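The next block holds one structure in the form of structure tokens; read it before the comments.
First listed ligand is number 1; within each ligand, the first listed atom is number 1. Atoms considered below: every heavy atom in the structure, side chains included; atoms not considered: hydrogens, waters and symmetry mates. Since this is a predicted model, take the numbers as computed values, not measurements.
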Amino acid sequence: MRIVLLGPPGAGKGTQAKMIARDLGISVLSTGDIIRLAIKNQTPWGKKAEKFVESGGLVPDEVVIGIVKEKIDQDDLWSGFILDGFPRTIKQAEALEAMLGERNLSLDAVLYFAVDKEEVIKRLSSRRVCENCQATYNLLSNPPLQEGICDRCGGKLVQRDDDKPEVIRQRLETYEKETKPLIDFYQKRNLLYVIPSNGPIEEVYNKVKEVLEEVTAR
Ligand code: AMP
């Protein structure tokens, strides 16, 4: 199954992606994770990407499209993937469609995680990530057992630089302008499934499961 996860930052895409991957045995490709790793390792393009991420903007389309194609090829994921954070612009969506078209493939579903702006701001401000294994927590809804320490690996929990208030505001603006038009793009292609996502993780995931069963039966 080839699935795209769409929605504003903080909608829970990463969390839900991991749950779908665990249950369906499909790999997750998160452009945010790939970009963060490249920045951490200060690779040549990681250095260039840094300023876009830090300011709450988007890394240029050509770079991200190249990364996604290379990663799907490298890991041989054409038969199944969950894309978390890609596409984020119409240009990226068209490039994805073209890549799939060249292989006579298409997407099975686009899950749109619909969540209120207030909820998003609350979630992003209280998100913490393990420096070591990248596990994510939420201080309000999904706190670690011991403050500041990762339950899984004992690593230190930190706040992502782009989860600071000034950057959150800019990321939401970028989302409205660049990414929201994808809702219409995928609706027109009959691929869009809306997942109400203001509630807790398990409630959202139950809806995801329902939708994926419907997609499988289609
Ligand atoms: P995320 O973890 O998905 O919130 O991504 C973190 C940051 O990485 C975003 O705010 C962007 O700066 C960058 N990024 C991730 N995915 C993309 C993409 N598909 N296109 C452009 N920039 C991206």
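- When the side-chain contact (heavy atoms from CB on, under 4.5 Å) test is applied to Q42, the partners found at least two apart in sequence or on another chain are I39, K47, E50.
- With sequence neighbours left out, the side chain to side chain donor-acceptor pair (under 3.5 Å) criterion links Q92 to D61.
- Counting only distance, with no hydrogens or angles, the side chain of N198 and the backbone of E119 share no donor-acceptor pair below 3.5 Å.
- Residues satisfying the side chain to side chain donor-acceptor pair (under 3.5 Å) test with T31, not counting sequence neighbours, are none.
- With T179 as reference, L6 is the one residue of T174, L6, T89 to meet the side-chain contact (heavy atoms from CB on, under 4.5 Å) rule.
- A salt bridge links D163 to R171: at least one charged side-chain nitrogen sits closer than 4.0 Å to a carboxylate oxygen.
- Under 4.0 Å from any atom of ligand 1, one finds heavy atoms of residues T31, G32, I35, R36, V53, G57, L58, V59, V64, G85, F86, R88, Q92, R160, D162, R171.
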